[in-house]
Undergrad: 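Input: one structure, supplied below.
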Amino acid sequence: ARQRAMTAIDELMEAGEFERALAAAGRLLEAEPGAPEVQELRNQAARGLEKRNEANGLVERARAESEAGRPAEALGLLR
């Protein structure tokens, strides 16, 4: 069951479903506190969520710069 759950978490992360992966890893950690492999999966999901949120923020800032007539600044944010 544990391996199946870990595989499902991996698949969620590959699909970009970091919130769901984080929640699933949290549930698995509740069942197996301190399991290093599960903790690592949880950490990976948290990092993926953080990176996606940062990227979304940069895209929003770039959009605002572009709409304000500052295309160079917009492109700079996306590099």
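FYI, the numbering just counts along the sequence from 1.
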Undergrad: Search all heavy atoms of Ala25 against all heavy atoms of Val38 and return the closest pair with its distance.
TA: O-CG1, 3.8 Å
Undergrad: Tell me every residue that passes side chain to side chain contact (heavy atoms under 4.5 Å, CB included) with Glu60, counting only those two or more places apart in sequence or in another chain.
TA: Arg63
Undergrad: Give me the atom names and distance for the closest heavy-atom approach of Ser66 to Ala74.
TA: N-CB, 3.8 Å
Undergrad: Distance from Gln39 atom CD to Gln44 atom CD, nearest 0.5 Å?
TA: 11.0 Å
Undergrad: Quick one: does any side-chain atom of Thr7 pair with a main-chain N or O of Gln3 as donor and acceptor, under 3.5 Å?
TA: yes
Undergrad: Would you check if Leu49 and Arg52 make a side-chain contact, meaning some heavy-atom pair closer than 4.5 Å?
TA: yes
Undergrad: Decide, yes or no, whether a salt bridge links Glu54 with Arg47 under the criterion of side-chain N to carboxylate O below 4.0 Å.
TA: no
Undergrad: Once rounded to the nearest 0.5 Å, what's the spacing between atom CD of Glu37 and atom CE of Met6?
TA: 5.5 Å
Undergrad: With sequence neighbours excluded, what pairs up with Glu11 under the salt bridge (Lys or Arg N to Asp or Glu O under 4.0 Å) test?
TA: none
Undergrad: Rounded to the nearest 0.5 Å, what's the gap from CD on Glu19 to CG on Asn53? Could you check?
TA: 7.0 Å
Undergrad: Answer yes or no: does atom CZ of Arg61 have more than 12 heavy-atom neighbours from other residues, nucleotides or ligands under 6.0 Å?
TA: no
Undergrad: Please say yes or no: joined through hydrophobic side-chain contacts below 4.5 Å, possibly via intermediate residues, are Leu22 and Phe18 part of one cluster?
TA: yes
Undergrad: Could you pull out the closest heavy-atom pair between Leu29 and Gly34, with the gap in Å?
TA: CD2-N, 4.1 Å
Undergrad: What's in the same ILVMFWY side-chain cluster as Leu77, cut-off under 4.5 Å, chained through other members?
TA: Leu58
Undergrad: When you compare the side chain of Leu41 with that of Met13, does any pair of heavy atoms fall below 4.5 Å?
TA: yes
